[in-house]
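Worksheet for the structure shown next.
Each residue takes its place number in the sequence, starting with 1.
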Amino acid sequence: MDTREIADAMCALLDRTSREKMLGISEFVYGEDMKVYTRVQNRFLPLIDGKRYVLTIAAIDVYDEAQMGKGRMTELLAHLEANCRGRVDGIVVECVNNPRLAAYLRRRGFEDTDLGAFERELSPTLFKALG
């Protein structure tokens, strides 16, 4: 399973839950060179002070360190943003401990939270209050 197929599998999790459910799905999506711990959930987003239906990237494990920094995250996020738009309110990336990844997420339009995570709207009104 390549990065695009991992993103497709993550988006498919959206079909197994609904916005109305308080409990979501948490599971690993496995690829040939990495696995992604994914959550689909109603989650409180600090930047907007409210709950939203989001796709959360909780952890990524790249099996071969030589493959890190090769554009996997870029490809994954591009595919998720395109294919999950209109299906979730946003994407959250948790536990960002790498300063390079944090800077990349900011450049991509993600907003820092005070909880060590980054949020990005996919709904046109999600961060309207942030202007």
Next item on the list: Check whether NZ of the Lys or CZ of the Arg K35 lies under 6.0 Å from the centre of the six-membered ring of F28 and within 45 degrees of that ring's axis.
Entry: yes

Note to self: Could you tell me if the side chain of M34 sits less than 4.5 Å from the side chain of T3, heavy atoms only?
What the structure shows: yes

Check: Is it true that atom CZ of R106 has more than 12 heavy atoms of other residues, nucleotides or ligands lying nearer than 6.0 Å?
Finding: yes

Notebook entry, point to check: For V54, does its backbone N or O pair with a side-chain atom of D89 as donor and acceptor, under 3.5 Å?
Noted result: no

Item checked: side-chain contact (heavy atoms from CB on, under 4.5 Å) assessment of V40 paired with L14 -> CA-CA 7 Å; V40 178; L14 299 173; 3.5 Å; yes

Margin query: Run L76 and I60 through side-chain contact (heavy atoms from CB on, under 4.5 Å) and show every step you take.
Written below: CA-CA 11 Å; L76 181 68; I60 297 178; 4.2 Å; yes

Next item on the list: Decide whether Y30 and M73 are clustered together by the hydrophobic rule: side chain heavy atoms of Ile, Leu, Val, Met, Phe, Trp, Tyr closer than 4.5 Å, transitively.
Entry: no

Next item on the list: Following the transitive rule for hydrophobic clusters with a side-chain heavy-atom cut-off under 4.5 Å over Ile, Leu, Val, Met, Phe, Trp and Tyr, establish whether F110 and L101 coincide in one cluster.
Entry: yes

Item checked: Salt bridge present between E94 and R39 (N-O < 4.0 angstrom) -> yes

Notebook entry, point to check: What is the minimum heavy-atom distance between G31 and I6, and which atoms define it?
Noted result: CA-CD1, 3.6 Å

Item checked: Pairwise side-chain contact, Q41 with R52, heavy-atom cut-off 4.5 Å (strictly under) -> no

Notebook entry, point to check: How far does CG of D64 sit from CD of E32, to the nearest 0.5 angstrom?
Noted result: 13.0 Å

Margin query: Once rounded to the nearest 0.5 Å, what's the spacing between atom SG of C84 and atom CG of L13?
Written below: 9.0 Å

Next item on the list: Run the numbers on L105 and D112 for side-chain contact (heavy atoms from CB on, under 4.5 Å), then give the verdict.
Entry: CA-CA 9 Å; L105 291 170; D112 295 67; over 6 Å; no

Notebook entry, point to check: Any idea which heavy atoms bring A9 and V29 closest together, and the distance?
Noted result: CB-CG1, 3.6 Å

Check: Can we say E75 and K70 salt-bridge, meaning some charged N sits less than 4.0 Å from an Asp/Glu carboxylate O?
Finding: no

Check: With the 4.5 Å side-chain cut-off for hydrophobic clustering, are Y37 and M10 part of the same group?
Finding: no

Item checked: Working for side-chain contact (heavy atoms from CB on, under 4.5 Å), residues V62 and R72 -> CA-CA 9 Å; V62 178; R72 299 278 193 293; 5.7 Å; no

Item checked: Hydrophobic cluster membership, I57 vs Y63, 4.5 Å side-chain cutoff -> no

Check: What's the shortest heavy-atom distance between L80 and C11, and which atoms?
Finding: CD2-SG, 3.8 Å

Notebook entry, point to check: Between CG of D2 and CG of D33, what distance do you get to the nearest 0.5 Å?
Noted result: 8.5 Å

Note to self: According to side chain to side chain donor-acceptor pair (under 3.5 Å), who are the partners of D15, at least two apart in sequence or on a separate chain?
What the structure shows: R87

Next item on the list: Looking only at non-hydrogen atoms, find the nearest pair between V92 and A117 and report the distance.
Entry: CG1-CB, 4.2 Å

Margin query: Hydrogens and angles aside, do Y104 and R108 bring a side-chain donor and acceptor to less than 3.5 Å of each other?
Written below: yes

